[in-house]
Amino acid sequence: MSKRLKNRDIAGLCERLADLLEIDGANPFRVRAWRNAAETIAGLSQSVADLVEKDTDLTEYPHIGQDIAEGIRSLVTTGNLPPLDEIAARVPPELADLMQVQGLGPKGVKALYEHFQLRTLDDLERVAREGRVRELSGFGAKKEGALLDGIERLRAAGEQRARLADAESVAVPLRDRLAETPGVTEAAIAGSFRRRRETVGDIDLLVATGDGDAVMDRLVADDDVERVVSHGSTRSTVILGGGLQVDVRAVSPDSFGAALLYFTGSKRHNVALRQRAVDRDWKLNEYGLHDGEESLEAESEEAIYRRLGLDWIPPELREDGGEIAAAEKGSLPELVTADAIRGNLHGHTDWSDGKDTLEAMIEAARERGHDYIAITDHGPRVRIANGLSPERLAEQADAIDALAARYDDITILKGCEVDILGDGSLDLPDDVLARLDIVVCSIHYELRRSRAEQTERVLRAMENPHFMIWGHPTAREINRREPIDIDLERCLEAAAERGIAVEINAQPKRLDLCDTNARLALEKGCRLAIDTDAHATHHFDLLRHGIDQARRAGATAADVINTRSATDLRGVLRSRP
DNA sequence: GCCGTTTTCGGCCCGACTGTTTTCAGTCG
């Protein structure tokens, strides 16, 4: 067995193969087949390498047939993807990188390669700077400039997608400004943003108006817009100052629902819906649901779904993961909402690394109508965060008791965010943990240990009867730190067996567990805790980011322990020995 | 190359925008 491949690596190689096939002029449907497979693999919660090891039949998964399953099996066991090796003999693999340049597609890459023998971004940049790209038929001076721009942008942004919360902070104000343009009746952000994916590649902004030109003129004049990529009367693309790309589309108000549906996606969800329309001899596009020339529905998403025999599907579920079958049977889950959350089970105060006092945190929870709040400052291992020794924890308990006497409308739960040490022991002794209402156990150090060690570490920690909630289980930080290498499936099984709840940490940089792993946790029978991990009072407002991912995982209120009343909560928390 | 209460063969989305091509190809979403 060669180096263990992650799903992302496998999906990346499938994408690369698709790029090369496309440059080579292969059957476009064959190209798409590899892209579809890449998407399936990237969205899978289980590790494909694990599945191969266990001899699972990969053709069970959508868009993976005999050939691709065989290729993946070979890739995992030998490190080679035979069709990739085969095409690499004819098409230099580096050419796939050029496909990343905006405005450059397979035809362009092929022409550039054949004419200039260029292979890399550096090659392309040199030829473009020398003004020779325009020698090629189909390329002109403008295109040459656009490619240089594209190269620069690619180098600046890398492959990183923007975190949802970051994108939100610029996209929502822009939406609101466009909504004020005369003639606009509605404005909404669609795309992966509306599906609440943890990161977004760009923003799809939809505006209902009778005057598209007015909106587009307003858009390109906006202060946040740094560059205009295209500017039409129904569609424009701009790049904002921070590098985020925004596609704006103007549609007439009477087809807003159809457009919202269409541009919310996902692509696969749309394909499945359109197929459903075709099955009924209808046609579904961004302008509406049509029977021949006649428009059946267009104004609202609900009506279109209904006409197709489906319940309205929440955007978070529109990933072609069985939601259409569920909507047909009327068995879509009733997804958890922020309103259902009765309290936060993981948060810090200035006793450790929080910014605000115990009292301020309690007040903030009360203002938000919470029934309870858990105070879970760090245990002693996290020295840099001023982690609490048993003595200081006891002092804090007294302080909490004194404060609790003043409130009859909120229950204050005494807790701790305990560190899972390298050997799987916890950083506070059992007799101290036994006195706490809430014990969140998390990993903060020794993140680079082997998969076997990491798995053993967590399984051992879970043997401690006081382990109640597994905090930010994979320790990943979006765009910054990879998740720890661990047999998550096994750990989730252990958590389910022992009644340990698994956290969805709502900090925008964490979102840990992520959507697919949270779905896996539910499949394994785990309960979830959606926590803000608040380090300041305003962090309570981050809760919705955790809710988003829980909804994407298909979680209902019943799946989430902090939707329970304080009394019920004690019942579902791990029972004491 | 995948997929199948139409099918194991014949489908697989298509419209908007740009640039250069004088009527449309390439790219994108």
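Order of the sequence lines fixes the chain letters, A, B, ..., with proteins taken first and strands second; residue numbering starts at 1 for each chain.
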Nucleotide of [options] approaching [X] most closely (side-chain heavy atoms):
| X | options | value |
| --- | --- | --- |
| A:Arg30 | B:dG1, B:dC2, B:dG29 | B:dG1 |
| A:Trp34 | B:dG1, B:dT27, B:dC13 | B:dG1 |
| A:Lys143 | B:dT20, B:dC13, B:dG15 | B:dT20 |
| A:Glu286 | B:dG15, B:dT27, B:dG29 | B:dG15 |
| A:His231 | B:dC12, B:dT18, B:dC2 | B:dT18 |
| A:Asp202 | B:dG29, B:dC17, B:dG1 | B:dG29 |
| A:Asp204 | B:dG29, B:dG15, B:dT27 | B:dG29 |
| A:Asn27 | B:dG1, B:dT27, B:dA16 | B:dG1 |
| A:Gln102 | B:dC28, B:dC12, B:dC17 | B:dC28 |
| A:Arg235 | B:dC28, B:dC2, B:dT20 | B:dC28 |

Rounded to the nearest Å, what distance is computed from the [atom1] atom of residue [X] to the [atom2] atom of nucleotide [N]?
| X | N | atom1 | atom2 | result |
| --- | --- | --- | --- | --- |
| A:Leu136 | B:dG26 | CG | P | 13 Å |
| A:Asp149 | B:dT18 | CG | P | 15 Å |
| A:Leu104 | B:dA25 | CG | P | 19 Å |
| A:Lys142 | B:dA25 | NZ | P | 21 Å |
| A:Arg268 | B:dG29 | CZ | C1' | 16 Å |
| A:Leu206 | B:dG29 | CG | C1' | 13 Å |
| A:Leu21 | B:dG1 | CG | P | 8 Å |
| A:Arg194 | B:dG29 | CZ | P | 20 Å |

Taking only side-chain nitrogens and oxygens of [X], does any of them come within less than 4.0 Å of OP1 or OP2 of [N]?
| X | N | value |
| --- | --- | --- |
| A:Thr234 | B:dC17 | yes |
| A:Gln245 | B:dG29 | yes |
| A:Tyr61 | B:dC3 | no |
| A:Arg134 | B:dT20 | no |

remark   = As its Watson-Crick or G-U partner within any shown strand, both distances under 3.5 Å, B:dC9 has B:dG4
query = Considering heavy-atom distances to DNA chain B, does A:Ser137 or A:Ser233 have its closest nucleotide positioned more toward the 5' end?
reply = A:Ser233
key: Which residue lies more 5' along DNA chain B, comparing A:Gly140 with A:Lys107 via nearest heavy atoms   = A:Gly140
task = Classify the glycosidic conformation of B:dT7 as syn or anti, calling it syn when the angle lies within 90° of 0.
result = syn
Answer with base, sugar-phosphate or nothing: what part of the nucleic acid does [X] contact at a heavy-atom distance below 4.0 Å?
| X | value |
| --- | --- |
| A:Pro62 | sugar-phosphate |
| A:Gly108 | sugar-phosphate |
| A:Tyr287 | sugar-phosphate |
| A:Val278 | nothing |
| A:Ala111 | nothing |

Has [X] got more than 12 heavy atoms of other residues, nucleotides or ligands less than 6.0 Å from its [atom1]?
| X | atom1 | value |
| --- | --- | --- |
| A:Glu152 | CD | no |
| A:Arg8 | CZ | no |
| A:Glu302 | CD | yes |

With [atom1] as the reference atom in both, quote the distance from [N] to [M] in angstrom, rounded to an integer.
| N | M | atom1 | value |
| --- | --- | --- | --- |
| B:dC12 | B:dT6 | P | 16 Å |
| B:dG1 | B:dT5 | C1' | 24 Å |
| B:dC28 | B:dT22 | C1' | 25 Å |
| B:dG26 | B:dT20 | C1' | 11 Å |
| B:dC13 | B:dT27 | C1' | 16 Å |
| B:dG11 | B:dT18 | C1' | 31 Å |
| B:dG15 | B:dC9 | P | 31 Å |

task = Look only at the side chain of A:Glu60 and the backbone of A:Asp57, and say whether a donor-acceptor pair between them is shorter than 3.5 Å.
result =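 Side chain of A:Glu60 to backbone of A:Asp57, a donor-acceptor pair under 3.5 Å: no, none is there.
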query = Do you know the tightest heavy-atom contact between A:Arg30 and A:Leu21?
reply = NH1-CD2, 3.5 Å
request  = Quick one: list whatever passes salt bridge (charged side-chain N to carboxylate O under 4.0 Å, His left out) with A:Glu86, sequence neighbours left out.
outcome  =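 Residues passing salt bridge (charged side-chain N to carboxylate O under 4.0 Å, His left out) with A:Glu86: A:Arg90.
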message = Between A:Asp222 and A:Arg177, does any side-chain N to carboxylate O distance fall below 4.0 Å?
response =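 So A:Asp222 pairs with A:Arg177 through a salt bridge.
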Side chain to side chain contact (heavy atoms under 4.5 Å, CB included) involving A:Arg32 - partner list, sequence neighbours excluded =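 Listed in chain order: A:Phe29, A:Asn36.
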